[in-house]
Number of protein chains: 2
Amino acid sequence: MALSHAIMTALLDDDMSGYELAKAFDVSLGLFWHASHQQIYQELRKLVEKGLLEKETVPQQGKPDKIVHRLTGAGREALAEWVWGESRVQAGKDDLWVKLYNLSPDNVGHLAAEIAGRRDGMMRRLYLYEKIRRRHYAEPEALPVRRQGVYLALLAGIREGEQFLAWCDEALALLAQVESANPARPTAPRP
Amino acid sequence: MALSHAIMTALLDDDMSGYELAKAFDVSLGLFWHASHQQIYQELRKLVEKGLLEKETVPQQGKPDKIVHRLTGAGREALAEWVWGESRVQAGKDDLWVKLYNLSPDNVGHLAAEIAGRRDGMMRRLYLYEKIRRRHYAEPEALPVRRQGVYLALLAGIREGEQFLAWCDEALALLAQVESANPARPTAPRP
DNA sequence: TGCCAATATGCAACTTGTTGCATAATTTAA
DNA sequence: TTAAATTATGCAACAAGTTGCATATTGGCA
């Protein structure tokens, strides 16, 4: 399982609490590997049990205490070792592709709307990516080695997003044609 | 859950046994939604229980009997209805991105090799996609509506694959630079 | 003062997906 | 003729991931 390794990776630079990890995941590694806070808390517990992390309760003012987790030497070693293993790709699962297999004059409008929505969401994500890129990765070749790896992941996200936008436009064009050529039968329009 | 809907979608045109579904998944919908044969058998049982599929044992010569599954009217309705619901995207989970966050002079060679391997695999997949495209989707606008949807999914796969190849090349170029600029410390080379 | 939001952690039940094994018939190759 | 591969289905145990809830502290707003 790699969630544990994603968490350890996130802890390479900064010690964090579960709550902070969950937040960080939303804007960094989490763009490539999503996890809910429940999953993160469970995983943190297991990692502490295995001695790969150690935890420390840190009192805060104006907020409840937090439990900060730090990579141990064993954790760092295990992570470095893991990199050498075989990667597993878990293809993304997206209803949209399955739905497209069900395209019909009835639902072409709905599917076009869904794709338009996706396009919108991807625009926002790309905007975030570009902001990060400009701020932190303007000159990738001048970065320390590890940061160059992060840059490559970011670049993959950007490229994939741009490609997706282009596909959305193509798809919407074709669906518009389909729609005008095949008027939906007048069934009750769905909510 | 959408595996059930992926299965029903695969059964739109042809009645199939679990074994045949597992095979079909490897070369069609399964490129967008992978499932092991165990999952498929379990899901088929549930769908039959719900009355969305019906099964029939078909004796064969030279082979064991097979249990063919067919969409019922209720199944078709449920599927058409599902298309109108909200889509869930489950982002792909790929160790590679997490590993890139761990790039170091030690492992840059290993990661470059992994990326080269991925590039290779994607080439093969694109070759398959293109074969399908030429054979069945040469003139997309002349196809029946539902097939145009399938075409759009295929197109997304092709575009994504081409983008990935380009990224691999960029990444390999940058990693080669990193490697020559930062010779790995002479630790024992891994298997 | 009472309510909501943010911070912070966690349990319990459930669904989904994986791994490893078991079974059984028939064809093909050594 | 024995062994291996293919076709075909399935169980059981486990790991991973989701959903819904529970709890507690503090700050800000009305």
Side-chain angles (χ1 to χ4, degrees), chain A residues 1-8 15-26 29-30 32-50 53 55-69 82 86-95 98, chain B residues 1-8 14-27 29-30 32-50 53 55-69 85-95 98:
Chain A
M1 171 206 25
L3 172 57
S4 56
H5 298 102
I7 288 176
M8 287 194 276
D15 303 340
M16 281 190 265
S17 68
Y19 191 80
E20 289 165 333
L21 267 168
K23 293 238 152 167
F25 259 54
D26 283 349
L29 239 189
F32 304 107
W33 197 289
H34 174 76
S36 65
H37 81 269
Q38 293 89 340
Q39 244 190 304
I40 289 173
Y41 283 122
Q42 287 171 53
E43 205 58 47
L44 283 173
R45 188 172 42 70
K46 286 184 205 162
L47 288 170
V48 171
E49 273 168 25
K50 287 185 197 161
L53 299 182
K55 60 179 180 175
E56 187 190 350
T57 303
V58 175
Q60 301 178 103
Q61 40 199 17
K63 296 175 195 176
D65 293 358
K66 64 179 175 180
I67 302 174
V68 167
H69 292 76
W82 168 78
E86 269 184 70
S87 286
R88 28 178 77 191
V89 202
Q90 155 125 333
K93 296 195 167 173
D94 190 336
D95 284 1
V98 181
Chain B
M1 168 208 24
L3 172 57
S4 55
H5 299 103
I7 288 175
M8 287 193 276
D14 301 302
D15 302 341
M16 281 189 267
S17 67
Y19 192 79
E20 289 164 333
L21 267 167
K23 293 236 152 165
F25 260 54
D26 283 349
V27 291
L29 240 189
F32 304 107
W33 198 291
H34 173 75
S36 64
H37 81 268
Q38 292 89 341
Q39 245 190 303
I40 290 173
Y41 284 121
Q42 286 172 54
E43 206 57 46
L44 284 173
R45 187 171 43 72
K46 286 183 203 165
L47 288 170
V48 170
E49 273 168 25
K50 287 184 196 161
L53 299 182
K55 60 178 182 176
E56 187 191 349
T57 303
V58 175
Q60 301 178 103
Q61 41 198 18
K63 296 174 193 176
D65 292 0
K66 64 179 175 179
I67 302 175
V68 167
H69 292 75
E86 269 184 70
S87 286
R88 27 178 78 190
V89 202
Q90 155 126 332
K93 296 195 167 173
D94 189 336
D95 285 2
V98 182

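Throughout, a chain's letter reflects where its sequence line sits, starting with A, and its residues are numbered from 1.
- Residue B:Ser17 is the one, among B:Ser17 and A:Gly62, whose nearest nucleotide of DNA chain D lies closer to the 5' end (criterion: closest heavy atom).
- Listed pair A:Lys93 / C:dG17 meets the phosphate criterion, a side-chain N or O lying under 4.0 Å from OP1 or OP2.
- Here the side chains of B:Met16 and B:Lys23 are not in contact, with every heavy-atom distance at 4.5 Å or above.
- Taking atom CD of residue A:Gln38 and atom C1' of nucleotide D:dA15, one finds them 17 Å apart after rounding to whole Å.
- The NE2 atom of A:His37 sits 11 Å away from the C1' atom of D:dA22 (whole-angstrom rounding).
- Here the C1' atom of nucleotide C:dA8 and the CG atom of A:Leu21 are 13 Å apart, to the nearest Å.
- Of all nucleotides listed (D:dT18, C:dT16, C:dG17), D:dT18 comes nearest to the side chain of A:Ser36.
- Annotation: side chain of A:Leu3 is in contact with side chain of A:Trp33 (closest heavy-atom distance under 4.5 Å).
- Counting any heavy atom pair closer than 4.0 Å across all strands shown, B:Lys55 reaches no nucleic acid atom.
- Of the candidates D:dT25, D:dG17, C:dT18, the closest approach to any side-chain atom of A:Pro64 belongs to D:dT25.
- Rounded to whole angstrom, the span from the NZ atom of B:Lys63 across to the P atom of D:dT9 amounts to 11 Å.
- The side chain of A:Gln42 lies closest to C:dA12, out of C:dA12, D:dA8, D:dT25.
- A heavy-atom distance below 4.5 Å is not found between the side chains of B:Ile67 and B:Ser17.
- B:Glu20 places its CD atom 6 Å from the P atom of D:dA8, with the value rounded to the nearest Å.
- Among C:dT18, D:dT7, D:dA8, the nucleotide with an atom closest to any side-chain atom of B:Gln60 is D:dA8.
- Distance from the side chain of A:Arg88 is smallest to C:dT19 among D:dT7, C:dT9, C:dT19.
- Straight-line distance from the CD atom of B:Gln39 to the P atom of D:dT9: 17 Å, rounded to whole Å.
- For the pair A:Lys66 NZ and D:dT26 P, the computed distance is 16 Å after rounding to whole Å.
- Comparing A:Glu43 and B:Arg45 by the nucleotide of DNA chain D whose heavy atom lies nearest to each, the residue mapping closer to the 5' end is B:Arg45.
- Going from atom OH of A:Tyr41 over to atom P of D:dG20 covers 19 Å, rounded to whole Å.
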